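Bear in mind that the values here come from a model prediction, so they are computed numbers and not experimental data. Counting starts at 1 for both ligands and their atoms, in listed order.
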Amino acid sequence: MTGLTVTGVAGLPEIEPGADLGQLISDAAGDLRDGDIVVVTSKIVSKAEGRVVRADREQAIDAETVRVVARRGQTRIVETRHGLVLAAAGVDNSNTAPGTVVLLPEDPDGSARRLRKALGERRGVSVGVIITDTMGRPWRTGQTDAAIGVAGLAPLRDHRGQPDTFGNLLEVTVAAVADEIASAADLVKGKTTQLPAVVVRGLAGLVTGPDGPGAAALIRPAADDMFRLGAADVLAARRTVREFTAEPVDPAAVRRAIAAALTAPAPHHSEPWRFAVLESAQARTALLDDMLAAWTADLRGDGFTEEQIARRVRRGEPLRRAPLIIVPCLAAEAAHPYPDQRRSAAERTMFVVAMGAAVQNLLVALAVEGLGSCWVSSTLFCPQIAVRSLGLPSGWEPMGAIGVGHAAGPPSPRPPRDPERFLLTL
Ligand SMILES: Cc1cc2nc3c(=O)[nH]c(=O)nc-3n(C[C@H](O)[C@H](O)[C@H](O)COP(=O)(O)O)c2cc1C
């Protein structure tokens, strides 16, 4: 490839619902050859497919959204059901009648395949088709166009394993050629011109006989997404997980999460947080067995039957199933002494709530690392036993126990909570 041309398809009419885009582009495209790539803005595809709806823009965005990735003021970056992550779910109220909004095509890869077929039938040519939309980039100012629907074109060109000019093998380079072509096409299409389609010539090597995997291949799988949690998702990502897989927990991830715990607020500029990390199965089993014996003795003392006791102690089982246990501990030596009970109790409460803040940080940070957790009361009810079993340093007060591991399944949906029910406005 030594050069390419991008030529606007001039003379397309205003596209109405039900318009035959294949015919219109075929008639207007002029010279069209095998190996050309027809790039069409999604706006006219949506219009032809009747995806212009009379709706409130915010409600339309809600309907198109499967996940809010980030939000600032009125701006929402969301994932659509296509898997695209973009502002306002691609819902657009520019270039459409007042009171109406344009939604993205239902199935942009399907739209691209149909358009390709129509152009092939009408013009007897094998072309590639790209349907584009405009997207921002999180770490760069300004928008560019990207491919949301592709047919007859390899959307990615994998350079991995090929030598560079110095003979070093390329390790990570996979060129998103469909996006690159979409951007190049936008230089000619523009936003305000009457050129919603262009023909790109000079890249015939990318055009394929079969329709290929489509733009779906450009969507990064969730497991490879280093930024999976948007700012809006981070807190909600923490859920109590009671079933874990056997997959071990990365000690480095635990240390990063503990570092996050240590950023919690605490009284008197103190640092009252300590963590016993039970990496060995032996330490975990010893603690759980000792606590179980104490718990059972308590329940017998309460007069429960053996059956009732068996049922109750089953609640401690999430810790047994966890591949790692962390026992958060409070070291409150920085608490100020007071002669009276009222102020002593208040001082104690300050340190306990600071511990809660640290544990919440820890659990959220574990969730960001992809780890589930379950903070249970356990050691709070038998502190001496936990201190003895773990050999905790003097002054470390156990504050429950946290089972940590990879969640065995997705969490149950979190019921929405109305903040108004939880607040008093004064
Ligand atoms: C201090 C504390 C003690 C808890 N003790 C237990 C427990 O003993 N067993 C248990 O299954 N869950 C325990 N939980 C977890 C709660 O049940 C859980 O947070 C609640 O059901 C809300 O679910 P979520 O964490 O997924 O939002 C405890 C939570 C806290 C903060």
Output, or 'none' if empty, a list of ligand 1-protein atom pairs in which both atoms are N or O and the distance is under 3.5 Å, rounded to 0.1 Å.
| residue | atom | partner | partner atom | Å |
| --- | --- | --- | --- | --- |
| ligand 1 | 5 (N) | S377 | N | 3.2 |
| ligand 1 | 8 (O) | S377 | N | 3.4 |
| ligand 1 | 8 (O) | S377 | OG | 3.1 |
| ligand 1 | 11 (O) | R242 | NE | 2.8 |
| ligand 1 | 11 (O) | R242 | NH2 | 3.2 |
| ligand 1 | 12 (N) | R242 | NH2 | 3.3 |
| ligand 1 | 14 (N) | W375 | O | 3.1 |
| ligand 1 | 17 (O) | R242 | NH2 | 3.1 |
| ligand 1 | 19 (O) | T240 | OG1 | 3.3 |
| ligand 1 | 25 (O) | R238 | NH1 | 2.8 |
| ligand 1 | 25 (O) | R238 | NH2 | 3.2 |
| ligand 1 | 25 (O) | T240 | N | 3.3 |
| ligand 1 | 25 (O) | T240 | OG1 | 2.5 |
| ligand 1 | 26 (O) | R239 | NE | 2.8 |
| ligand 1 | 26 (O) | T240 | N | 2.7 |
| ligand 1 | 27 (O) | R238 | NH2 | 3.1 |
| ligand 1 | 27 (O) | R414 | NH1 | 3.4 |

Have a look at V376 and tell me which of T240, I325, L319 forms a side-chain contact (heavy atoms from CB on, under 4.5 Å) with it.
L319
Is it true that the side chains of H82 and T80 contain a donor and an acceptor less than 3.5 Å apart?
yes
Got a salt bridge between R274 and E333, using NZ or NE/NH1/NH2 to carboxylate O under 4.0 Å?
yes
Output field: ring centroids F227/W139 closer than 6.0 Å
yes
Under the rule for salt bridge (Lys or Arg N to Asp or Glu O under 4.0 Å), what residues qualify as partners of E397, not counting sequence neighbours?
R348
Are T100 and N93 close enough, and set up right, to give a side-chain hydrogen bond (donor to acceptor under 3.5 Å, both in side chains), and what steps lead you there?
CA-CA 7 Å; T100 66; N93 52 1; over 6 Å; no
